[in-house]
2 protein chains.
Amino acid sequence: MTFANVGSLGALPGRRDELVAILTRPSADLAAAGCLRYDVGVSDEHPDAVLVVELWVDAASHHASLGLPSVRAAIEEAMPLLSGEMGGFRFDVVGSPLDGVGIA
Amino acid sequence: MTFANVGSLGALPGRRDELVAILTRPSADLAAAGCLRYDVGVSDEHPDAVLVVELWVDAASHHASLGLPSVRAAIEEAMPLLSGEMGGFRFDVVGSPLDGVGIA
């Protein structure tokens, strides 16, 4: 069952774009680990936050990915840039109005 | 620029699955309007919420979709099921570690 992990990561003032750079660094590991989407973005409504949408083949794959050396290294590199403010939610995808229709 | 709209919709007690059914009803309109992903799900952490991840070709397409008759009808159908609790965030996607790597 597809698993979604969406979150907002608070960055220290002026450090947001460094955080974006770390999170968008190309990683073949993630795709191999079952990551379907990993979209990183920003919003004028949250100027010091990096926003992320992740979709995984299932929750176990997402959980296992946190043990990958490349992911652990990225987390370690990102930690000093974080303000500590975090939000978001996770869920199991149960369906889509796009199933079997157009772009999926 | 890809646009992400993620949100949690509170359902009245016992009405969550009816809300899921409305949001997952197949819709060719959304794909035609530029919807790339529309994943609807649930979570034990939020038993009375329906959680949604939407990805659109851009913010304008998402905004325009709210005027589609089928979308307006679905919103109208869903309203009586909502508790009023809502959350989430929107952002412009600036990159992905999956760009040019494996599954995109």
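A note on names: the letters A, B, ... follow the listed sequences, proteins ahead of strands, and every chain is numbered from 1.
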Atom of Leu98(B), atom of Ser27(A) and distance for their closest heavy-atom approach: CD2-O, 4.4 Å
Chain A contact via Val42(B) - side chain, backbone, both or neither, heavy atoms under 4.5 Å: both
Region of Val40(A) that comes under 4.5 Å of a non-hydrogen atom in chain B: both
Glu85(B) and His46(B): CA distance, side-chain angles, deciding distance, side-chain contact (heavy atoms from CB on, under 4.5 Å) verdict: CA-CA 11 Å; Glu85(B) 272 192 71; His46(B) 309 277; over 6 Å; no
Partner of Trp56(A) by side-chain contact (heavy atoms from CB on, under 4.5 Å), out of His63(A), Arg37(A), Arg90(A), His62(A): His62(A)
Closest-packed option against chain A by number of heavy-atom pairs under 4.5 Å, given Thr2(B), Asp44(B), Val53(B): Val53(B)
Between Gly7(B), Ala21(B), Ala4(B), the one whose heavy-atom pairs under 4.5 Å with chain A are most numerous: Gly7(B)
Taking every non-hydrogen atom, the tightest pair across Ala33(A) and Ser65(A): CB-CB, 4.5 Å
Leu23(B) portion near chain A, given a 4.5 angstrom heavy-atom threshold: backbone
Engaged part of Val52(B) at the chain A interface, taking heavy atoms whose separation is under 4.5 Å: backbone
Hydrophobic cluster identity match, Leu12(B) and Val20(B), side-chain contacts under 4.5 Å: no
Joint hydrophobic cluster, Met1(A) plus Tyr38(B), side-chain heavy atoms closer than 4.5 Å: no
Top contributor to chain B interface from Asp39(A), Leu51(A), Asp92(A), Val93(A) [non-hydrogen pairs under 4.5 Å]: Leu51(A)
